[in-house]
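Chain letters run A, B, ... following the sequence lines, proteins first, then strands; residues in each count from 1.
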4 protein chains.
Amino acid sequence: MRPMSGAGTSAGQRLAGARGRIDKRRAILDAAFTVFAREGYAQAGVDVIAAEAGVAKATVYNHFGDKETLLRQTFAALADSALTQNLAAVERLADHGGELRAMLEDVGFHLLQCYCDDRSWAMRRLLSAEINQFPDLLDIVQGQVADRVTEALADRLARLALAGRLRTTDPLLAAEQFSALLSGPVDKRSRLGTRHVPDTELRTVASAAVHTFLKAFAAEPAEAT
Amino acid sequence: MRPMSGAGTSAGQRLAGARGRIDKRRAILDAAFTVFAREGYAQAGVDVIAAEAGVAKATVYNHFGDKETLLRQTFAALADSALTQNLAAVERLADHGGELRAMLEDVGFHLLQCYCDDRSWAMRRLLSAEINQFPDLLDIVQGQVADRVTEALADRLARLALAGRLRTTDPLLAAEQFSALLSGPVDKRSRLGTRHVPDTELRTVASAAVHTFLKAFAAEPAEAT
Amino acid sequence: MRPMSGAGTSAGQRLAGARGRIDKRRAILDAAFTVFAREGYAQAGVDVIAAEAGVAKATVYNHFGDKETLLRQTFAALADSALTQNLAAVERLADHGGELRAMLEDVGFHLLQCYCDDRSWAMRRLLSAEINQFPDLLDIVQGQVADRVTEALADRLARLALAGRLRTTDPLLAAEQFSALLSGPVDKRSRLGTRHVPDTELRTVASAAVHTFLKAFAAEPAEAT
Amino acid sequence: MRPMSGAGTSAGQRLAGARGRIDKRRAILDAAFTVFAREGYAQAGVDVIAAEAGVAKATVYNHFGDKETLLRQTFAALADSALTQNLAAVERLADHGGELRAMLEDVGFHLLQCYCDDRSWAMRRLLSAEINQFPDLLDIVQGQVADRVTEALADRLARLALAGRLRTTDPLLAAEQFSALLSGPVDKRSRLGTRHVPDTELRTVASAAVHTFLKAFAAEPAEAT
DNA sequence: AATGAATGAGACTTCATTCAT
DNA sequence: TATGAATGAAGTCTCATTCAT
């Protein structure tokens, strides 16, 4: 999980001025997540984070003030990126006339990929771990990400229902149950994110989820078979 | 802090001589869970646990050797009690001729009660938090409890299928999806166990889960309405 | 300023029980004063104090909780011993018929010895240094020591006045001025306690002070010559 | 924070080009004294001083090199201003035929005002605090200020003695005792400069000091009454 | 068996100082 | 010249663990 992969860096190295600061900030955030995820908040040493980021310990404090703030900013950054990925997955669900089942399986698969991403698991574990000491983290994660994704999913399901391809009067419930049918079974298989679940297995789970989902919500029996 | 059931201790309880020792051990385990749950493993001080248990810090070490062992023993005791409660809930699912939907809703509701129990949430959060440092805890919780409960549920569903009341060829998948439809929606509602979910809400969730479940798995269309 | 000199220690070493704790407490207090006096409160490291006391750093915290408390307790202990010494000096001023001038010079000399004691200077410097951060220290030093000594001196002067050997209606003022005439001149000579003032010099100062004092307060011109 | 007098700067003030630089230097010195006086040398952060002066931390280092130098320069500037004020007070003691007692009380009062000035107390406290680490500060304060003031006072007393208005063969001793009778009693009353002593109280102290002083040193009994 | 006292290692955080712009 | 950013060293305090009683 080394920071600053890709193209942006080399350019930044040359524009030394303000870029250096930004780059260091990113490096620290990335390192912080790596270490928090690996060792837990309380156990994670700021020394270690600084070393992983390649800066001095005091630099971490110059940027973030204290360890708590660092944790919160780490979550904020994570939530940002997670939201983007999940919404992209949901947006695959558009009624462009294709086969409903295949489309749902595709969306389900991509949502599961988001869900099973290492960073995704790590974030959820960290959230679980620290929710007592930092209840506001839940608002970042659930309010800023999970709820919005569910809402977006409900929107798409509602449009499918309007188009007569699904039958439900409560698209939010449908979205929740769709999510549950996807994530529930992988929870056990992935051992809380400890074991990598291969894509083929994700497709199987998505397929089973869609199978059950369509039995319950398909507009026409033909599609539920 | 309810005492934990289990056969091994009752014998000890009767030996008056060892009584004090056993009591202290129990007190320490209870206190450990309370403090671990409240503050997290790394943050929890052995002083605090000892104080909560009403013993001296050194006594904790006399009994458990070190903090890691104390954590593991705490989990073992918890898992014991959780398994008992969950199995009791599953066993309500017996084909004594009653209405299928009502029976499933009853089981679902009681499973959700187990799932939403404060100690249950605390245990799962603690497990999430420490799975990197103590991977073996997962075996205790998932292997000794979750899997067994799912298996027991699958057993009961299989018997209902054999009796012609459900239609499925993969009772384990059905059990998993039933569980997912139950727990998924409450996950969001309970804010990772931070918010108490009232029984009426649990019944609503159970009912919605059973509704979808029966649409997918009911043997006769009549039962799925 | 090594702690625990003298006879009390060897006995304490053998009565291991509660004496060990007490001895360590004293050792820490002594070391704390040494280091505070040498380096100032803010600059003094608790490590250094612990090392000087021959205990582990954590032991200092076990006994005193934090550095502030350690400072206050140090002052309290110092004030105690300073009070005792000063009162002993004042008590030399008793009307047992001896020559008045000689007696006053004797008291003045012994008061100056207290005043010029290394620890005495160090305490006053430390007090000056920290009065902004710890205003309550002044109450310990001034209220518990200085004021009481002045009062005791005023008492003795009052008795001399009653006996017709001094002439004053305000013994407290007389006491204050007597003290001022003693300490004022040595202040400059001792360079804030940095330079040792030899006893002969103290006697000279005391003599000059008494000379002026008697000119102002002697009952009979004969005694003021 | 009153500006400090002194000849060296006025030249710089007129060179418009260097004006900003000089102003900043002055601002830093003023800020340094404020902060040193409030928090003590060790505790005072260079950040805080810089902020109080309205400059960047590095600017402080550009001007003064390091914190020690800053402290010394601060003392030098202070001593300058203190010397001026004290000498002005002493110069009020001139034999222009007025009543001796009134004149001494006037001088005593003005000396006490210097002595009780906030900055004066702060400087003495700071000196006490740091004399171990910076023994040379004493030379600045005692050598450059206190001794000179005492000498000047001794000079004036000597002239009064020559004029037959006082009786003493050791004017330096008389000056010291005069100072002692003034400052001694206010020391206690001002709580090391922590409490403001009102002018009326200063006049009372001056009056009592002069009363005693004249009893001891008045040339004619008439003036000592 | 239970405890009070002691400790060494390590945690977070601050701060005087320097460097490049 | 003035500054924002970075840092190494150090400081206060905590904690899991051990030892003697």
Side-chain angles (χ1 to χ4, degrees), chain A residues 16-18 20-25 28 42-50 54-68 70, chain B residues 17-18 20-21 24-25 28 41-50 53-70, chain C residues 16-18 20-22 24-25 28 42-50 54-70, chain D residues 17-18 20-21 24-25 28 41-50 53-70:
Chain A
R21 184 127 224 267
I22 299 275
D23 284 356
K24 279 197 170 147
R25 192 187 160 87
I28 294 169
Q43 201 68 337
V46 177
D47 325 34
V48 178
I49 293 174
V55 301
K57 205 190 332 183
T59 303
V60 176
Y61 284 91
N62 281 345
H63 279 264
F64 296 97
D66 63 5
K67 205 184 170 190
E68 278 195 33
L70 179 55
Chain B
R21 184 125 225 273
K24 284 205 164 143
R25 191 188 163 85
I28 293 170
Y41 172 74
Q43 200 69 336
V46 177
D47 311 44
V48 178
I49 293 173
V55 302
K57 198 176 8 171
T59 304
V60 176
Y61 282 90
N62 284 343
H63 277 264
F64 295 96
D66 64 6
K67 205 183 170 191
E68 283 193 29
T69 305
L70 179 55
Chain C
R21 185 126 224 268
I22 300 275
K24 277 193 172 151
R25 192 188 161 88
I28 294 170
Q43 201 69 335
V46 177
D47 323 36
V48 178
I49 294 174
V55 302
K57 202 193 332 184
T59 302
V60 176
Y61 283 92
N62 281 345
H63 278 264
F64 296 97
D66 62 6
K67 205 184 170 189
E68 278 195 33
T69 304
L70 179 55
Chain D
R21 181 126 226 274
K24 282 204 167 145
R25 190 188 162 85
I28 293 170
Y41 172 74
Q43 201 68 337
V46 177
D47 312 45
V48 178
I49 293 173
V55 302
K57 198 177 6 171
T59 303
V60 176
Y61 282 90
N62 284 343
H63 278 263
F64 295 95
D66 63 6
K67 204 182 170 190
E68 282 194 30
T69 305
L70 179 55

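- Contact annotation: A:His63 reaches the phosphate of F:dA6 (side-chain N/O to OP1 or OP2, under 4.0 Å).
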Pairs of donor and acceptor atoms involving the side chains of residues 60-68 of chain D, under 3.5 Å and at least two apart or interchain, shall be tabulated with distances.
unit_1: D:Asp66; atom_1: OD1; unit_2: D:Thr69; atom_2: N; d: 3.0
unit_1: D:Asp66; atom_1: OD1; unit_2: D:Thr69; atom_2: OG1; d: 2.7
unit_1: D:Lys67; atom_1: NZ; unit_2: D:Tyr41; atom_2: O; d: 2.9
unit_1: D:Lys67; atom_1: NZ; unit_2: D:Ala42; atom_2: O; d: 3.4
unit_1: D:Lys67; atom_1: NZ; unit_2: D:Ala44; atom_2: O; d: 3.0
unit_1: D:Glu68; atom_1: OE1; unit_2: D:Arg72; atom_2: NH2; d: 2.8

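- Rounded to whole Å, atom C1' of F:dT17 lies 9 Å from atom CG of B:Asp66.
- Taking for each of D:Val60 and A:Gly54 the nucleotide of DNA chain F with the nearest heavy atom, the 5'-most of the two is the partner of D:Val60.
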Check: protein-nucleotides 8-10 of chain E nitrogen or oxygen pairs below 3.5 Å:
unit_1: E:dG10; atom_1: O6; unit_2: C:Lys57; atom_2: NZ; d: 3.1

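- With DNA chain E read from its 5' end, the first of the two nearest nucleotides for C:Asn62 and A:Gln43 is the one closest to C:Asn62.
- To the nearest angstrom, P of E:dA5 lies 11 Å from NZ of C:Lys24.
- Remark: B:Lys57 pairs with B:Asp47 by the side chain to side chain donor-acceptor pair (under 3.5 Å) rule, at least two apart or across chains.
- In this structure, the CD atom of D:Glu68 is 18 Å from the P atom of E:dC15, given to the nearest Å.
- Base pairing in DNA chain E yields stems of at least 3 consecutive Watson-Crick or G-U pairs, both distances under 3.5 Å, namely E:2-21 with F:2-21.
- Put simply, OH on B:Tyr61 is 18 Å from P on E:dA1, counting in whole angstrom units.
- Between the CG atom of B:Leu70 and the C1' atom of F:dT17 there is a distance of 14 Å, rounded to whole Å.
- Contact of the D:Leu70 side chain with the D:Ile49 side chain is registered, since non-hydrogen atoms from C-beta on lie closer than 4.5 Å.
- Atom pair A:Phe64:CZ and F:dA6:C1' shows a separation of 15 Å (rounding to whole Å applied).
- Regarding B:Asp47, its CG atom lies at a distance of 6 Å from the P atom of F:dA16, rounded to whole Å.
- Between D:Ile49 atom CD1 and E:dT17 atom P the separation is 11 Å, expressed in whole Å.
- Within 4.0 Å of A:Ala44, counting heavy atoms only, lie sugar-phosphate atoms of the nucleic acid but no base atom.
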